[in-house]
Amino acid sequence: MLNKNKQELIALFRHKCKQHNLNMTPQRTAIYEELIKSKDHPDSDDIFERVKKVFPDISLDTVYRTLSKFTEIGVVHIVEGYGEAKRYDPDTNKHHHFRCQKCNKIVDFHNKSFDNLRIPKSFQKDFRITNVKVLLEGICNECVKNN
Ligand SMILES: [Zn+2]
Ligand SMILES: [Zn+2]
């Protein structure tokens with residue numbers, strides 16, 4: 001869950017856009033607002049469907065390019081995937097994910113000991129680790145019930 005309120009996030013967004021010389025157009029703002037409203041780590045199609053309600057003329061391509069731009073300037077993160085459509089995460093703070101292998105739902109969770117996981121020494125020799133994120137996979141309760 002995002003631990004900042006909407007105004008703070010928008011302020012941060014404005015700041016980042018300014019920093020990167022990106023105009024805060026109404027479309028871009030709407031896309032960002034959709035992102036921070038959604039807790040399901042949407043892909044570009046999901047965002048497109050939602051933003052279309054406000055801007056019926058917007059194209060999927062615009063949404064896609066905007067999301068790439070947002071990723072570039074660091075206001076959203078891409079959820080690591082396995083070849084399917086990219087999923088976007090508006091929460092750029094440290095957190096971890098649970099992913100349901102049946103319905104593909106991705107749920108955020110926080111855990112202090114996961115935040116502080118120690119990287120094996122042997123691994124540090126070959127790779128410079130910049131980020132640690134835990135991904136738990138399994139079946140969510142809903143899917144267990146609907147089985
Ligand atoms: Zn599920
Ligand atoms: Zn997340």
Side-chain angles (χ1 to χ4, degrees), residues 1-20 22-55 58-120 123-124 127-147:
M1 248 224 292
L2 291 162
N3 53 9
K4 289 191 178 68
N5 66 34
K6 191 177 159 189
Q7 271 97 345
E8 286 178 295
L9 284 165
I10 297 283
L12 219 72
F13 175 63
R14 181 175 301 136
H15 178 75
K16 282 269 186 185
C17 285
K18 228 186 191 156
Q19 226 177 12
H20 295 268
L22 192 68
N23 285 331
M24 248 182 99
T25 62
Q27 275 96 335
R28 281 180 184 146
T29 309
I31 292 172
Y32 186 69
E33 284 183 359
E34 256 341 299
L35 274 166
I36 57 178
K37 252 198 281 175
S38 47
K39 304 207 185 323
D40 54 346
H41 304 79
D43 64 22
S44 48
D45 283 341
D46 298 327
I47 292 290
F48 173 60
E49 290 304 327
R50 294 171 204 172
V51 176
K52 220 166 56 175
K53 292 183 187 133
V54 194
F55 291 99
I58 200 162
S59 72
L60 178 59
D61 190 54
T62 302
V63 172
Y64 194 79
R65 273 187 290 118
T66 304
L67 289 168
S68 299
K69 200 80 204 164
F70 285 179
T71 309
E72 210 182 290
I73 69 171
V75 292
V76 290
H77 284 170
I78 291 177
V79 178
E80 54 290 340
Y82 302 93
E84 76 264 1
K86 277 180 198 144
R87 306 266 295 259
Y88 294 89
D89 195 337
D91 189 351
T92 56
N93 295 308
K94 185 115 197 145
H95 68 282
H96 308 280
H97 287 150
F98 167 82
R99 170 198 185 93
C100 175
Q101 290 167 312
K102 266 208 134 129
C103 66
N104 233 349
K105 167 162 64 196
I106 297 173
V107 181
D108 290 336
F109 71 92
H110 293 85
N111 182 290
K112 278 266 170 301
S113 50
F114 283 2
D115 291 351
N116 299 316
L117 276 183
R118 300 245 313 262
I119 313 295
F123 211 73
Q124 290 184 13
F127 307 100
R128 189 148 43 97
I129 310 301
T130 52
N131 182 30
V132 178
K133 206 164 190 174
V134 175
L135 172 66
L136 301 178
E137 288 185 313
I139 312 288
C140 75
N141 268 341
E142 264 166 67
C143 286
V144 168
K145 257 188 271 161
N146 296 334
N147 204 7

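Sequence positions, counted from 1, serve as the residue numbers for this chain. Computed from a predicted model, the values in this text were never measured in an experiment. Order of listing sets the numbers, starting from 1, for every ligand and every atom in it.
Lys16 contributes no side-chain N or O that, together with a main-chain N or O of Phe70, makes up a donor-acceptor pair within less than 3.5 Å. Looking at His41, its side chain does come within 3.5 Å of a backbone N or O of Ile106 through a donor-acceptor pair. In terms of modelled atom types and a separation under 3.5 Å, the side chain of Arg99 and the main chain of Leu135 share no donor-acceptor contact.
When distances to the Zn ion (ligand 2) are checked against a cut-off of 2.8 Å, His77 contributes no N, O or S atom below that limit. For His96, every N, O or S atom stays at 2.8 Å or more from the Zn ion (ligand 2).
To the nearest 10 degrees, the Zn ion (ligand 1) sees SG of Cys100 and SG of Cys140 at an angle of 110°. Asp108 contributes OD1 and His41 contributes NE2; the angle these two atoms make at the Zn ion (ligand 2) is 80°, rounded to 10°.
Take the N/O/S atoms of Asp89: the one nearest the Zn ion (ligand 2) is OD2.
In terms of heavy-atom proximity, Ser44 sits nearest to Tyr88 at N-CE1, 4.2 Å.
There is a side-chain donor-acceptor pair under 3.5 Å between Asp108 and His97.
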